[in-house]
Amino acid sequence: MYHHVKKLMFTVRVDEPDPRFGNMLLEQFGGANGELAAAMQYSIQGLNCEDPDRKDLLMDIGTEELSHLEIVGTLARMHLQPAKFDRQAAEADPLIAIAGGGGVNLFNSQGNAWTADYLKITGELDVDLRSNIAAEARAKIVYERLINFCDDAGSKDALQFLMTREITHMKAFALALESMSKPAFSIGRIAPTPGLVDQFFNDSTGTGDHGEIDARGPWNEGNGWVFTESPAIQADPDVSTAIVAESSSPSEQAGLSDLLVDELRDILHAEKQLTKALPKMAEAARFDQLRELFEQHLVETENQVKRINECFERLGKSARAKPCKGMMGLVEEGQEIIAEGRKKEDAAADLALIGAAQHVEHYEISAYTTAKNLAQQLRHSAVVALLSKSLAEEENSDQLLNQVARSLMSVARMPAALEQAE
């Protein structure tokens, strides 16, 4: 809940109005680095923030920025006031004088309308705090320049006040970021590529007597930096300073390759077990729709076995199955459900059968997703395509089972509904 308290944070005083300077002040009213942009940026970040302590910080400073907007707006209006009645003053900014009647509006000093594009909001608290520190730094510089162009003592006092608060906010944001104890370059959750992250490309090489120097400093030497000649002018792409393009070392890649092969062998055994189990499930199904679904998925499963074998061919590995204990357990559970279903009503028996089948589908969806992700990391695009097709079939089969289950649940409710009607 917002409440406008009329008690002043700062009393604005203008001794000699200057419409041209008033126009400059609009940069901090409706400009990219102005107070409205800051107020909206911090407040919306606060609304998105799940950390209650830092949310309080963002809302406090966002609200103060609205107060600053009032200060800047009052200061600009007092400087622009002569444009209401003085022709010469109006010529300083006809837009303000004619369209705005000598008052302020949400424009910058060039008459460009304020836009939400000014706001920097990512939803990542540490990233937003860094952005806020930069925003306060930019605003501080704008106020400094305004002070340098100002001859009015009262206006300078107000600008000095506002400029100082930018530093206060910068300190608060910096300390809030520091209190998160997050490494300076730990952004997001996905780690950068080792090796590549430490390469500095010398991409602005000078030539001849007029070429500029290749400067060296802590930004490109020492502390683990690898100074790399511009990739554009390297004669030999295989030199030791070539771009590090791989996201993992050869040993790590080999480890992932072993994992992929192991996962594929597990899936191969799982699918072969299913080619034997699905005919039994189709035979046990009471409703035609479910029986047809199991028969259709048997054909898909046989094709999936062929795709797994093709994956092994693409990888240059033998298509050897590894005992899949997870699927063995699910198949055994399915056999128990088939046996127990003989004592149940048709709808209840088939619903239990669908439950067993969906346990299998979810296991396979998980297995294919893991294998596909490993293949993507290893850049085996053909293997990814094969696995993606099988994964899509498993997901579709799960959805079809859901549809049949909903129909059977309606059937299962019918006897009770008929009894109540009688």
Side-chain angles (χ1 to χ4, degrees), residues 259-315 317-342 344 346 348-375 382-408:
L259 281 174
L260 174 59
V261 171
D262 194 58
E263 190 70 30
L264 290 174
R265 285 176 174 158
D266 190 84
I267 294 173
L268 180 60
H269 188 259
E271 296 290 25
K272 285 184 174 180
Q273 288 184 79
L274 274 182
T275 59
K276 298 175 182 177
L278 281 167
K280 297 176 183 177
M281 297 176 78
E283 184 180 353
R286 312 280 180 87
F287 287 85
D288 292 342
Q289 190 178 8
L290 182 59
R291 183 183 305 110
E292 291 169 2
L293 185 55
F294 284 144
E295 290 170 350
Q296 175 188 330
H297 195 52
L298 174 59
V299 175
E300 289 178 339
T301 302
E302 289 169 345
N303 288 329
Q304 288 165 5
V305 170
K306 293 177 183 177
R307 288 191 203 111
I308 294 294
N309 288 330
E310 186 178 345
C311 287
F312 282 118
E313 288 179 19
R314 298 273 185 177
L315 296 171
K317 301 290 182 179
S318 61
R320 187 176 73 253
K322 167 192 169 185
C324 178
K325 296 179 181 178
M327 186 60 74
M328 290 166 67
L330 291 171
V331 169
E332 183 180 348
E333 183 182 81
Q335 290 172 344
E336 292 175 359
I337 287 172
I338 290 173
E340 293 170 358
R342 296 189 183 102
K344 296 178 180 178
D346 289 352
D350 275 4
L351 283 169
L353 204 54
I354 288 173
Q358 288 194 293
H359 288 170
V360 170
E361 292 301 336
H362 294 171
Y363 184 89
E364 289 191 293
I365 289 169
S366 175
Y368 275 114
T369 299
T370 299
K372 186 189 80 167
N373 290 342
L374 288 167
V383 174
V384 171
L386 290 166
L387 295 173
S388 295
K389 188 168 184 179
S390 294
L391 176 59
E393 288 174 350
E394 301 294 358
E395 291 173 337
N396 183 60
S397 180
D398 182 52
Q399 291 300 314
L400 292 173
L401 286 168
N402 276 335
Q403 291 175 17
V404 175
R406 284 195 290 270
S407 298
L408 290 178

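Keep in mind that what you see is a predicted model, and the values were worked out from it rather than measured.
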Distance from [X] atom [atom1] to [Y] atom [atom2], nearest 0.5 Å?
X      : Y      : atom1 : atom2 : result
Gln304 : Asn309 : CD    : CG    : 12.5 Å
His269 : Arg320 : NE2   : CZ    : 12.5 Å
Phe294 : Ile354 : CZ    : CD1   : 6.5 Å
Thr301 : Gln296 : OG1   : CD    : 10.5 Å
Leu290 : Asp346 : CG    : CG    : 11.5 Å
Leu268 : Gln273 : CG    : CD    : 10.5 Å

Open item on the list: Check whether Asp350 reaches the backbone of Arg286 with its side chain - one donor and one acceptor, N or O, closer than 3.5 Å.
Closed with: yes

Open item on the list: Using modelled atom types and a 3.5 Å cut-off, is there a donor and acceptor pairing between side-chain atoms of Ser366 and backbone atoms of His362?
Closed with: no

Task: Pairing residues for Gln358 by the side-chain hydrogen bond (donor to acceptor under 3.5 Å, both in side chains) criterion, not counting sequence neighbours - done: Asp398, Asn402

Task: For Asp262, all residues meeting side-chain hydrogen bond (donor to acceptor under 3.5 Å, both in side chains), sequence neighbours excluded - done: Lys322

Minimum-distance pair of heavy atoms, taken over all atoms of [X] and [Y]:
X      : Y      : result
Glu295 : Ala282 : CG-CB, 4.0 Å
Ala284 : Ile338 : CB-CG2, 3.8 Å
Glu271 : Val305 : CB-CG2, 3.7 Å
Ala357 : Leu401 : CB-CD1, 3.9 Å
Arg314 : Val383 : CB-CG2, 3.9 Å
Pro279 : Leu274 : CD-O, 4.3 Å

Is there side-chain contact between [X] and [Y], with at least one heavy-atom pair below 4.5 Å?
X      : Y      : answer
Met327 : Val360 : yes
Glu302 : Leu298 : yes
Glu300 : Glu394 : no
Tyr368 : Glu395 : no
Ile308 : Leu387 : yes
Leu408 : Gln289 : no

TODO: Decide side chain to side chain contact (heavy atoms under 4.5 Å, CB included) for Val261 and Phe312; before the verdict, give the C-alpha distance in whole Å, the side-chain angles of both, and the deciding distance to 0.1 Å.
DONE: CA-CA 8 Å; Val261 171; Phe312 282 118; 4.2 Å; yes

Open item on the list: I'd like to know whether Leu315 forms a side chain to side chain contact (heavy atoms under 4.5 Å, CB included) with Leu264, so could you lay out the CA-CA distance, the side-chain angles of the two residues, the decisive distance to 0.1 Å, and finally the verdict.
Closed with: CA-CA 11 Å; Leu315 296 171; Leu264 290 174; 3.6 Å; yes

Open item on the list: Distance alone, cut at 3.5 Å: any donor-acceptor contact between the side chains of Glu393 and His297?
Closed with: no

Open item on the list: Is it the case that the side chains of Ser397 and Glu361 hold a donor-acceptor pair, with the cut-off being a distance below 3.5 Å and no angle test?
Closed with: yes

Open item on the list: Please list all pairs meeting side-chain hydrogen bond (donor to acceptor under 3.5 Å, both in side chains) that have one or both residues in residues 324-335, counting only residues at least two apart or in different chains.
Closed with: Glu333-His359

Open item on the list: As a quick check of understanding, evaluate side chain to side chain contact (heavy atoms under 4.5 Å, CB included) for Lys372 and Leu391, giving each step before the final call.
Closed with: CA-CA 9 Å; Lys372 186 189 80 167; Leu391 176 59; 4.2 Å; yes

Task: CA sep, side-chain torsions, deciding dist, call: Ile267, Cys324, side chain to side chain contact (heavy atoms under 4.5 Å, CB included) - done: CA-CA 7 Å; Ile267 294 173; Cys324 178; over 6 Å; no

Task: Glu310 bridged to Lys306 by N-O distance under 4.0 Å - done: no

- [ ] Apply side-chain hydrogen bond (donor to acceptor under 3.5 Å, both in side chains) to the pair Glu263 and Thr370, showing each step before the final yes or no.
- [x] CA-CA 8 Å; Glu263 190 70 30; Thr370 299; 4.9 Å; no

